[in-house]
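Each remark here refers to the structure printed beneath this line.
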Amino acid sequence: MTAHRSFAIACAAALLTTLPALAQPARPPGQIKITNTREVPLEMLEISTMGEQARLVAKLAKPLAPRQSVTLKLTKPAGCSYTVMGRFGDDADVEHEAVDLCKERTLRLTD
């Protein structure tokens with residue numbers, strides 16, 4: 001077997017081993033870490049699915065102190081895009097749409 005043909009077979013074998021990983025759809029996590037990097041408490045935070053019939057998948061149970069983190073369990077997550085809404089102790093609101101939780105497993109809330 002020639003070196004050129006051996007190289008082609010090796011490349012084809014490498015491609016075949018990566019195809020199953022590429023074909024699998026992205027899956028949302030079962031939980032997400034929330035970090036409050038602000039100097040005021042995070043009073044409220046909700047994570048919802050997107051669309052006309054949005055569904056709440058996670059909610060902050062109690063205020064999150066400044067410079068602290070908490071892990072929220074996602075209840076029946078579906079898809080990757082979510083809306084994140086929150087309110088801080090100084091009445092500052094945070095709202096982000098189309099947050100890709102399949103890629104972002106930690107949300108850092110900053111000024």
Side-chain angles (χ1 to χ4, degrees):
M1 186 177 301
T2 67
H4 179 71
R5 184 176 171 137
S6 296
F7 178 72
I9 291 172
C11 288
L15 180 61
L16 288 176
T17 59
T18 60
L19 283 178
L22 295 174
Q24 293 177 0
R27 296 182 56 196
Q31 60 187 20
I32 189 85
K33 183 177 180 182
I34 308 296
T35 302
N36 178 10
T37 63
R38 296 201 56 212
E39 295 297 328
V40 295
L42 177 63
E43 298 291 332
M44 183 274 297
L45 183 89
E46 295 179 345
I47 301 174
S48 303
T49 59
M50 295 193 57
E52 288 183 26
Q53 296 181 354
R55 183 176 48 81
L56 185 67
V57 295
K59 184 175 182 177
L60 191 63
K62 61 181 183 177
L64 182 60
R67 307 281 180 209
Q68 297 297 308
S69 296
V70 66
T71 300
L72 299 180
K73 181 179 179 186
L74 300 182
T75 306
K76 297 183 183 178
C80 291
S81 293
Y82 293 84
T83 299
V84 178
M85 294 176 38
R87 174 166 289 141
F88 289 94
D90 61 357
D91 292 328
D93 290 331
V94 60
E95 183 173 347
H96 296 286
E97 292 187 357
V99 176
D100 187 344
L101 294 186
C102 293
K103 292 182 182 177
E104 303 297 329
R105 306 289 173 124
T106 299
L107 300 178
R108 294 177 49 85
L109 304 175
T110 64
D111 285 321

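The residues of the chain are indexed from 1 along the displayed sequence.
Within the structure, side chain to side chain donor-acceptor pair (under 3.5 Å) contacts touching residues 75-86 (residues at least two apart or in different chains) do not occur. Applying the salt bridge (charged side-chain N to carboxylate O under 4.0 Å, His left out) test to residues at least two apart or on different chains, the pairs with a partner in residues 102-111 are Arg38-Asp111.
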Verify side-chain contact (heavy atoms from CB on, under 4.5 Å) between Leu60 and Ile34, making sure each step is shown before the conclusion. CA-CA 9 Å; Leu60 191 63; Ile34 308 296; 5.8 Å; no
Determine, stepwise, if the pair Leu42 / Val70 fulfils side-chain contact (heavy atoms from CB on, under 4.5 Å). CA-CA 11 Å; Leu42 177 63; Val70 66; over 6 Å; no
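Residues Ile47 and Val99 fail the side-chain proximity criterion, which asks for heavy atoms closer than 4.5 Å. Side chains of Leu72 and Leu45 form a contact here, defined as non-hydrogen atoms less than 4.5 Å apart. The closest side-chain heavy-atom distance from Leu107 to Val84 is below 4.5 Å.
Contacts of Gln53 classified as side chain to side chain contact (heavy atoms under 4.5 Å, CB included), with partners at least two apart in sequence or in another chain: none. For the salt bridge (Lys or Arg N to Asp or Glu O under 4.0 Å) test, residues two or more places apart in sequence or in another chain that qualify with Glu39 are Arg67. Annotation: side chain to side chain contact (heavy atoms under 4.5 Å, CB included) contacts of Pro41 (sequence neighbours excluded): Glu43, Pro66. For Gln31, the side chain to side chain contact (heavy atoms under 4.5 Å, CB included) partners at least two apart in sequence or on another chain are Thr71.
Between the side chain of Thr49 and the backbone N or O of Arg55 there is at least one donor-acceptor pair closer than 3.5 Å.
Leu64 and Met44 are members of different hydrophobic clusters when ILVMFWY side chains are connected at heavy-atom separations under 4.5 Å.
Counting all heavy atoms, side chain and backbone alike, Pro77 lies closest to Pro29 at CG-O, 3.6 Å. The two residues Leu74 and Ala58 make their nearest non-hydrogen contact at CD2-CB, 3.6 Å.
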